[in-house]
Novice: 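Quick one: the structure is below, questions incoming.
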2 protein chains.
Amino acid sequence: MTSIERTLRADARRNREKIFAAARELFAREGELVQIEEIAAHAGVGIGTVYRHFPTKQALLTEMVRTRFSRFAEIAIECEEMEDPHEAVTCLFRRSAEEVEGDAGFQLAMMGSDQLHWEGIEQEKAAFAAPATRIIDRAVAAGAVREDLTFGDFPMLMCGITSTMYYSPGGAEWRRHLDLILAGLRPGS
Amino acid sequence: MTSIERTLRADARRNREKIFAAARELFAREGELVQIEEIAAHAGVGIGTVYRHFPTKQALLTEMVRTRFSRFAEIAIECEEMEDPHEAVTCLFRRSAEEVEGDAGFQLAMMGSDQLHWEGIEQEKAAFAAPATRIIDRAVAAGAVREDLTFGDFPMLMCGITSTMYYSPGGAEWRRHLDLILAGLRPGS
DNA sequence: TGACAAACGGAATCTTACTTCCGTATATTG
DNA sequence: CAATATACGGAAGTAAGATTCCGTTTGTCA
């Protein structure tokens, strides 16, 4: 699509995909502890090849985070379509959380564990913030949630839920945490 | 007090204190990223001296966590003395959170960032769990909080609050997060 | 098919901390 | 005030990983 992809040699394009896929899988499993050597081995290429495609480990991990994060905007847009303002908020939290489940690397990124991962994805962030803000503002206006709720609360609360996800993998715990959070959003704080 | 302390040479005891103080301060400021060399320099001793007193960096950090954590049991016991069951729970959450504020290293430990810090402090953990469990059970029995609340929810929720503390230092944000959590504990989930 | 630019592989290099070691200095004790 | 056990300092040793480099291989194009 981009000129870079057009001019890439066939084997290079293939390898890039393989590296990306391997990185996604290992990053999801082990977080930022993945080693480049591991990724290379898993992708069936040499270390040098990984570095040809991604100048640093950081750049590769940022790319992982970016592609996953871009899903958030889609989710927010879908949630916004729901008629019931309260359900839209609930949906926003629940589906965002589900999106993160099972990807330890992304969970760490959500938790801010390494701020570096978040540099360079401002565009994706903004694309999410817009619809999410509308969802929350609408619920506030409708009296469906506590009146002082703002978009800024979302990352904060999600960060908490994500940390439960990360440190108690399995699924049950974080859903309970989410329930408690959603209960706390009820109007009449 | 212990035989170790009694038989310690005077300069050694003094240095141990200095190292401990330096470690506490730097650990609070920088978390587990503190370097032994930094701690030594800050304490005004050589690297070797740090290692004479604490066999590994891990041991030193565990000691930091242990002393801080032992405060938790005291807090829980104090909260238990309050008559109002609901207030006792609120107090438990609030004061625990306040205890963590300002110590980034401990915050990371609370968030489980390195499970190693938690090995070897089982005793302190148990001393806290007992009164905290009683506080929560009493509130449940009194109908002051949602009936499915258990002690197990405490670490989970605190972990979330702590992550807000860590990633948004300054004070305002985490208190809001705490408010939302406390609101979510109300009966009638 | 031959020439050549583009990619590849992975050993070697660099970097960053933790940890060890041992010659030197100092507190303690009779 | 020795004699001696303790403790100290910090250079050197290791280890773990990221990153570079360059000789070799492979796709592309005329």
Side-chain angles (χ1 to χ4, degrees), chain A residues 2-23 26-27 29-65 105 108-109 113-117 119, chain B residues 2-23 26-27 29-65 105 108-109 113-117 119:
Chain A
T2 71
S3 66
I4 288 171
E5 276 173 351
R6 248 201 311 281
T7 56
L8 226 43
R9 221 169 75 174
D11 56 344
R13 179 155 46 247
R14 224 176 309 128
N15 280 333
R16 192 187 173 86
E17 297 284 283
K18 287 196 289 181
I19 292 165
F20 206 81
L26 294 174
F27 182 56
R29 194 188 310 157
E30 308 176 28
E32 49 204 334
L33 293 181
V34 257
Q35 280 159 238
I36 293 289
E37 202 176 336
E38 247 187 307
I39 293 173
H42 203 264
V45 303
I47 299 170
T49 302
V50 174
Y51 278 93
R52 167 166 318 283
H53 290 283
F54 302 93
T56 65
K57 180 182 179 178
Q58 202 48 246
L60 176 54
L61 297 189
T62 297
E63 217 46 40
M64 299 292 105
V65 171
L108 281 164
S113 165
D114 191 343
Q115 304 292 358
L116 292 174
H117 291 164
E119 282 169 16
Chain B
T2 72
S3 64
I4 289 171
E5 277 171 352
R6 246 201 311 283
T7 56
L8 226 44
R9 224 169 74 174
D11 57 342
R13 180 156 45 247
R14 223 177 310 128
N15 280 332
R16 193 187 172 86
E17 298 284 283
K18 288 196 290 183
I19 291 164
F20 205 81
L26 294 173
F27 183 54
R29 194 187 311 156
E30 308 175 29
E32 49 204 336
L33 292 181
V34 256
Q35 279 158 238
I36 292 289
E37 202 176 337
E38 245 186 309
I39 293 172
H42 203 264
V45 302
I47 299 170
T49 302
V50 175
Y51 277 94
R52 168 165 317 282
H53 290 284
F54 302 94
T56 64
K57 179 181 181 180
Q58 203 47 246
L60 176 55
L61 297 189
T62 297
E63 218 48 37
M64 300 291 104
V65 171
L108 281 165
S113 164
D114 191 343
Q115 303 291 356
L116 291 176
H117 292 166
E119 282 170 16

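Order of the sequence lines fixes the chain letters, A, B, ..., with proteins taken first and strands second; residue numbering starts at 1 for each chain.
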Novice: Under 3.5 Å, is there a donor-acceptor pair between the side chain of K57(B) and the main chain of V34(B)?
Specialist: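 Between the backbone of V34(B) and the side chain of K57(B) there is a qualifying donor-acceptor contact (under 3.5 Å).
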
Novice: For D11(A), which of R13(A), R14(A), R9(A) qualifies under side chain to side chain donor-acceptor pair (under 3.5 Å)?
Specialist: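 The residue from R13(A), R14(A), R9(A) that satisfies side chain to side chain donor-acceptor pair (under 3.5 Å) with D11(A) turns out to be R9(A).
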
Novice: Nearest 0.5 Å, please: how far is NZ in K18(A) from NE2 in H53(A)?
Specialist: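 Result: 10.0 Å between the selected atoms.
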
Novice: Nearest whole angstrom, please: distance from the P of dT19(D) to the CD of Q35(A).
Specialist: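 Between P of dT19(D) and CD of Q35(A): 12 Å.
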
Novice: Hey, is CD on E37(A) packed in by over 12 heavy atoms from elsewhere, all under 6.0 Å?
Specialist: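 No - once you tally the heavy atoms of other residues, nucleotides and ligands closer than 6.0 Å, there are 12 at most.
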
Novice: Using the closest heavy atom to pick a nucleotide of DNA chain C for each, name whichever of A12(A) or I36(B) lands nearer the 5' end.
Specialist: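 Its nucleotide being nearer the 5' end, the pick is A12(A).
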
Novice: For L33(A) and dA18(D), what is the distance between atoms CG and C1' respectively, to the nearest whole Å?
Specialist: 14 Å

Novice: Taking the side chain of H53(B) as its heavy atoms from C-beta onward, which of dC8(D), dT19(C), dT19(D) lies nearest to it?
Specialist: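 Side chain of H53(B) sits closest to dC8(D).
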
Novice: Where each residue is assigned the nucleotide of DNA chain D containing its nearest heavy atom, which of V50(B) and Q58(A) is assigned the position nearer the 5′ end?
Specialist: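 The residue mapped nearer the 5' terminus is V50(B).
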
Novice: Of the nucleotides dA18(D), dT19(C), dC8(C), which one has an atom closest to the side chain of T56(B)?
Specialist: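 Out of dA18(D), dT19(C), dC8(C), the nucleotide with an atom closest to T56(B)'s side chain is dT19(C).
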
Novice: Please answer whether the main-chain N or O of Q35(A) pairs with a side-chain N or O of E38(A) as donor and acceptor at a distance below 3.5 Å.
Specialist: yes

Novice: Students often get this wrong, so: under 4.0 angstrom with heavy atoms, is V34(B) touching a base, only sugar-phosphate, or nothing?
Specialist: sugar-phosphate

Novice: Whole Å only: how far is the CZ atom of R16(A) from the P atom of dA6(C)?
Specialist: 17 Å

Novice: E32(B) has an atom CD; how far is it from atom P of dT16(C), in whole Å?
Specialist: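 The answer, rounded to whole Å, is 19 Å.
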
Novice: Is there a donor-acceptor pair under 3.5 Å between the side chain of T49(B) and the backbone N or O of V45(B)?
Specialist: no

Novice: Return the nearest nucleotide to the side chain of R52(A); candidates are dT19(C), dA18(D), dC8(C).
Specialist: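 Comparing dT19(C), dA18(D), dC8(C) against the side chain of R52(A), the answer is dC8(C).
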
Novice: Between I39(A) and L60(A), is any pair of side-chain heavy atoms under 4.5 Å apart?
Specialist: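 Yes. Closest side-chain heavy atoms under 4.5 Å.
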
Novice: Looking at dG9(C), I'd like to know if its phosphate oxygens (OP1 or OP2) sit under 4.0 Å from a side-chain N or O belonging to T49(A).
Specialist: yes

Novice: Among dT20(C), dT19(D), dA7(D), which nucleotide has an atom closest to any side-chain atom of I47(A)?
Specialist: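 Given the options dT20(C), dT19(D), dA7(D), the side chain of I47(A) is closest to dT19(D).
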
Novice: Between atom CZ in F54(B) and atom P in dA7(D), what is the gap in whole Å?
Specialist: 14 Å

Novice: Produce the list of close N/O pairs, under 3.5 Å, pairing protein atoms with atoms of nucleotides 27-30 of chain D; give distances to one decimal.
Specialist:
residue, atom, partner, partner atom, Å
dG27(D), O4', R9(A), NE, 3.4
dT28(D), OP1, A10(A), N, 3.1

Novice: What is the separation between atom CD on E37(B) and atom P on dA12(D), rounded to the nearest whole Å?
Specialist: 14 Å

Novice: Would you say N15(B) places a side-chain N or O within less than 4.0 Å of OP1 or OP2 belonging to dA7(D)?
Specialist: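 Indeed not, no polar side-chain atom of N15(B) lies that close.
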
Novice: Distance check needed: dA16(D) P versus K57(A) NZ, whole Å only.
Specialist: 15 Å

Novice: Measure the distance from CD1 on I39(B) to P on dT19(C) and round it to the nearest whole Å.
Specialist: 11 Å

